[in-house]
There are 2 protein chains.
Amino acid sequence: MPTSLSKIKEDFTQGLSQISRFWGFPKGMGAIFAVLYLSPTPLSLDEIVRETGLTKGAISTEIRALARMGLVHRSTKLGDRKDYYEAETDFYAAIRSILKERQNSEFDRAIRSVKETLAALDENWVENEEWQFVYARVQALQDFFDAIDSLGKAVIRLESLGVVNVQKILSVLK
Amino acid sequence: MPTSLSKIKEDFTQGLSQISRFWGFPKGMGAIFAVLYLSPTPLSLDEIVRETGLTKGAISTEIRALARMGLVHRSTKLGDRKDYYEAETDFYAAIRSILKERQNSEFDRAIRSVKETLAALDENWVENEEWQFVYARVQALQDFFDAIDSLGKAVIRLESLGVVNVQKILSVLK
DNA sequence: TACTGCGTTTAGTAGTTACTAAACGCTCAT
DNA sequence: ATGAGCGTTTAGTAACTACTAAACGCAGTA
């Protein structure tokens, strides 16, 4: 017995909702993106209301967040007062946009605080065991963050290279 | 005017708390890890109470989560009924452990649901435009997840390769 | 046996979050 | 002007989360 296409779409939307929630975003955000992503044409706010069951207000605020992240784009038709929204399909571009958006966020300030700890330790150099121990540990954490950061920057360049290059990276790491 | 080492430690702990919260974990979890990470010796539960200001109960539950993730290790001394905890310093090992722990989590089930959508589409093949469109989009998302997954697996091998190799990767991508 | 010192579990709570419902303001058409 | 049709903002709420305080269980010891 075949499953209907609309049922499949619902399941897909459900999946993206959970993924969204896992990453700390509202699940509605994932649902909105899913609906747009599976639509061949840009959708109006009311159409999204119909597809997701959310209210206009919620969608309005969440779609603004999605747009800031570069995951959806807003467009208009001439002689039509509605806004229309469509999903970004280049995920690497979206990631780059998200990371840029995040630039001055809580996250980066937190990461930076580790670097500041290191600086504070430098300025208050004392020649004792505890100091040396703390310094080494904080330094090690900083190195780790730097490594992750470098890799992150590498990832967001994948778009211009094509996914095939992932294999190249893996072969380097072998 | 020099800052005291204990003040520096506090700031560091504060920073890790925020990082922890950003990743969707309780901020207390970050604080506990920070305290352990900056301690040259394993600490007892009561010592962690003293350093963090949290209650035993909270620390008890959160340290269990940290242990599951491989971020802290529990040990005991002979003839001492206390447990002692210390931080994992090999972050790549910790990441590997976290990903393993996550294996059957909500996240993986969600990711898997995309693959299931693809399978459902395969089983209900119909030769029309909408079907083809949806199939192509879901396939593209799946490809993206696969690429990220490959990179993730690459990252957790960095430990055995040394951070230098990050430069190698970057040069490949250049 | 009772006591002491552990870690754990549980009940309750303050704060946060993801929403809804509805008022609002803006822009265009009449 | 007035009204209709948009998106946005706001006030309120139900559900959830990260904690606290305190009871609990379970050793080893006197």
Side-chain angles (χ1 to χ4, degrees), chain A residues 13-14 16-36 42-69 72-86 105-107 110, chain B residues 13-14 16-36 42-69 71-86 105-106 110:
Chain A
T13 302
Q14 180 66 20
L16 280 204
S17 296
Q18 288 176 236
I19 291 173
S20 174
R21 208 181 44 172
F22 182 87
W23 288 110
F25 302 109
K27 70 173 192 227
M29 193 177 272
I32 293 168
F33 179 82
V35 164
L36 293 176
L43 297 181
S44 70
L45 210 163
D46 282 320
E47 287 170 315
I48 303 173
V49 167
R50 193 162 40 77
E51 297 282 333
T52 61
L54 298 173
T55 57
K56 280 197 304 173
I59 295 174
S60 172
T61 62
E62 271 158 22
I63 222 163
R64 192 143 24 94
L66 282 167
R68 256 207 329 268
M69 295 193 227
V72 309
H73 302 289
R74 186 184 305 232
S75 60
T76 53
K77 297 180 186 171
L78 308 85
D80 186 343
R81 277 153 56 199
K82 290 199 190 87
D83 289 351
Y84 288 87
Y85 308 92
E86 59 187 325
S105 71
E106 292 302 314
F107 175 69
Chain B
T13 303
Q14 179 67 19
L16 281 205
S17 296
Q18 288 176 236
I19 292 173
S20 174
R21 208 182 43 172
F22 182 87
W23 288 109
F25 303 108
K27 70 171 193 229
M29 193 177 274
I32 293 168
F33 180 82
V35 163
L36 292 177
L43 298 181
S44 71
L45 210 164
D46 283 320
E47 287 169 315
I48 302 174
V49 167
R50 194 160 39 74
E51 297 282 332
T52 61
L54 299 173
T55 57
K56 281 197 304 173
I59 295 174
S60 173
T61 62
E62 272 156 21
I63 223 163
R64 193 144 24 97
L66 282 167
R68 255 205 332 268
M69 296 194 227
L71 277 167
V72 310
H73 301 289
R74 186 184 304 232
S75 60
T76 53
K77 297 179 186 170
L78 308 85
D80 186 343
R81 278 152 54 196
K82 291 199 190 86
D83 289 351
Y84 289 87
Y85 308 93
E86 60 187 324
S105 71
E106 292 302 313

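Every chain is numbered from 1, with letters handed out A, B, ... down the list of sequences.
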Quiz item: So which heavy atom on S20(A) is nearest to which on K27(A), and how close?
Solution: OG-CA, 4.2 Å
Quick one, [X] and [Y] - any side-chain contact, counting heavy atoms below 4.5 Å?
{"X": "K82(B)", "Y": "L45(B)", "answer": "no"}
{"X": "M69(A)", "Y": "F25(A)", "answer": "yes"}
{"X": "Y85(B)", "Y": "P42(B)", "answer": "no"}
{"X": "I63(A)", "Y": "I48(A)", "answer": "yes"}

Check the distance between [N]'s [atom2] and [X]'s [atom1] and give it to me in whole angstrom.
{"X": "R21(A)", "N": "dA18(C)", "atom1": "CZ", "atom2": "C1'", "value": "11 Å"}
{"X": "Y84(B)", "N": "dC6(C)", "atom1": "OH", "atom2": "C1'", "value": "11 Å"}
{"X": "F22(A)", "N": "dT17(C)", "atom1": "CZ", "atom2": "P", "value": "18 Å"}
{"X": "I32(A)", "N": "dA18(C)", "atom1": "CD1", "atom2": "P", "value": "12 Å"}
{"X": "M29(A)", "N": "dA18(C)", "atom1": "CE", "atom2": "P", "value": "9 Å"}

Quiz item: Is there a residue in residues 43-59 of chain A whose heavy atoms reach under 4.0 Å of DNA chain D, and which residues are they?
Solution: L45(A), K56(A), G57(A)
Quiz item: Considering the options I59(A), T52(A), L54(A), which one meets the side chain to side chain contact (heavy atoms under 4.5 Å, CB included) requirement together with V35(A)?
Solution: T52(A)
Quiz item: Does T13(A) offer a backbone N or O that forms a donor-acceptor pair with the side chain of S17(A) under 3.5 Å?
Solution: yes
Quiz item: Do T76(B) and R81(B) pass the side chain to side chain contact (heavy atoms under 4.5 Å, CB included) test, and can you show the C-alpha distance, the side-chain angles, and the key distance before you say yes or no?
Solution: CA-CA 8 Å; T76(B) 53; R81(B) 278 152 54 196; over 6 Å; no
Quiz item: Which two nucleotides bound the region of DNA chain D that has atoms under 4.0 Å from heavy atoms of chain A, read 5' to 3'?
Solution: dA4(D) to dT9(D)
